[in-house]
Amino acid sequence: QVQLVESGGGLVQPGGSLRLSCAASGRIFLIYGMGWYRQAPGKQRELLAVITSGGRTNYSDSVKGRFTISRDNGKNTVYLQMNSLKPEDTAVYYCNADVRVVGGMKREDYWGQGTQVTVSS
């Protein structure tokens with residue numbers, strides 16, 4: 001069993017910054033890719049950024065240049081630094097991880113519960 005817990009969300013003014021964290025725990029042998037998604041009210045879930053175990057990253061156009069994804073493999077944690085936040089960034093943010101569990105042979109996808117980010121004056 002693997003659990004992902006997001007933290008760091010909250011209320012921030014436009015132009016402000018926020019740093020999200022997602023810590024994975026459980027019977028983890030290895031985490032391959034990790035990513036951040038978001039889902040705004042009435043909208044579909046959107047992929048924002050991904051990072052491989054080797055540190056390669058990719059971003060959606062909507063956040064490129066403003067958001068930075070990083071990870072600490074020793075802590076099984078992925079981060080999302082969000083700068084120049086806009087009201088349209090308001091959403092529930094979810095982390096995702098591609099995990100091989102201890103004693104397992106297959107890679108499995110895991111999701112966190114989500115953390116609310118609200119950008120408003």
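Heads up: numbering here begins at 1 and tracks the sequence. Just so you know, these numbers use all the heavy atoms, side chains as well, and skip hydrogens, waters and symmetry mates. Predicted model, so just to flag it, every value in this text is computed and none were measured.
Ile51 and Tyr37 fall into different hydrophobic clusters, where Ile, Leu, Val, Met, Phe, Trp and Tyr side chains are chained together by heavy-atom contacts under 4.5 Å. A single hydrophobic cluster is seen to contain both Leu80 and Leu18, as judged by linkage of ILVMFWY side chains at heavy-atom distances under 4.5 Å, directly or through other members. Side-chain heavy atoms closer than 4.5 Å link hydrophobic residues (I, L, V, M, F, W, Y) into clusters, and following such links, even through other members, never connects Leu85 to Tyr94.
Closest non-hydrogen pair, Gln39 versus Lys43, comes out as NE2-O, 3.1 Å. The minimum heavy-atom distance linking Asn83 with Ser17 is given by the pair OD1-OG, 2.9 Å. Closest approach of Ile31 to Ala24, counting heavy atoms only: CD1-CB, 3.8 Å.
Distance alone, capped at 3.5 Å, is enough to place a donor-acceptor pair between the Thr90 side chain and the Val119 backbone. At least one donor-acceptor pair under 3.5 Å links the side chain of Glu6 to the backbone N or O of Cys95.
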Check: residues 98-111 side-chain donor-acceptor pairs under 3.5 Å, at least two apart:
| from | atom 1 | to | atom 2 | distance (Å) |
| --- | --- | --- | --- | --- |
| Asp98 | OD2 | Arg107 | NE | 3.0 |
| Asp98 | OD2 | Arg107 | NH2 | 2.5 |
| Arg100 | NE | Tyr32 | OH | 3.2 |
| Arg100 | NH2 | Tyr32 | OH | 3.3 |
| Asp109 | OD1 | Asn96 | ND2 | 3.0 |
| Asp109 | OD2 | Asn96 | ND2 | 3.0 |

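Applying the side chain to side chain contact (heavy atoms under 4.5 Å, CB included) test between Asn58 and each of Ile69, Val50, Thr52, Leu47 identifies Val50 as the sole match. Screening Asp89, Val12, Val117 for a side chain to side chain contact (heavy atoms under 4.5 Å, CB included) with Met82, the sole residue that qualifies is Val117.
No side-chain heavy atom of Arg38 sits less than 4.5 Å from a side-chain heavy atom of Ser60. Residues Cys22 and Tyr93 have side chains not in contact (no heavy-atom distance under 4.5 Å, counting atoms from C-beta outward).
With sequence neighbours left out, the side chain to side chain donor-acceptor pair (under 3.5 Å) criterion links Asn73 to Arg71.
Ion pairing of Lys64 with Asp61 is present here, as a side-chain N (NZ or NE/NH1/NH2) and a carboxylate O approach within less than 4.0 Å.
Within 6.0 Å of CZ in Arg27 there are 12 or fewer heavy atoms belonging to other residues, nucleotides or ligands. Heavy atoms of other residues, nucleotides or ligands lying less than 6.0 angstrom from CD of Gln113 number 12 at most.
Atom-to-atom distance recorded for Ser25:OG and Lys75:NZ is 15.0 Å, nearest 0.5 angstrom. Note that CG of Asp72 is 10.0 Å distant from CE of Met34, once rounded to the nearest 0.5 Å.
No side-chain donor from either of Ser120 and Thr118 sits under 3.5 Å from a side-chain acceptor of the other.
Pairs engaging residues 41-87 under the ring pair (Phe, Tyr, Trp, His ring centres under 6.0 Å) rule: none recorded [sequence neighbours left out].
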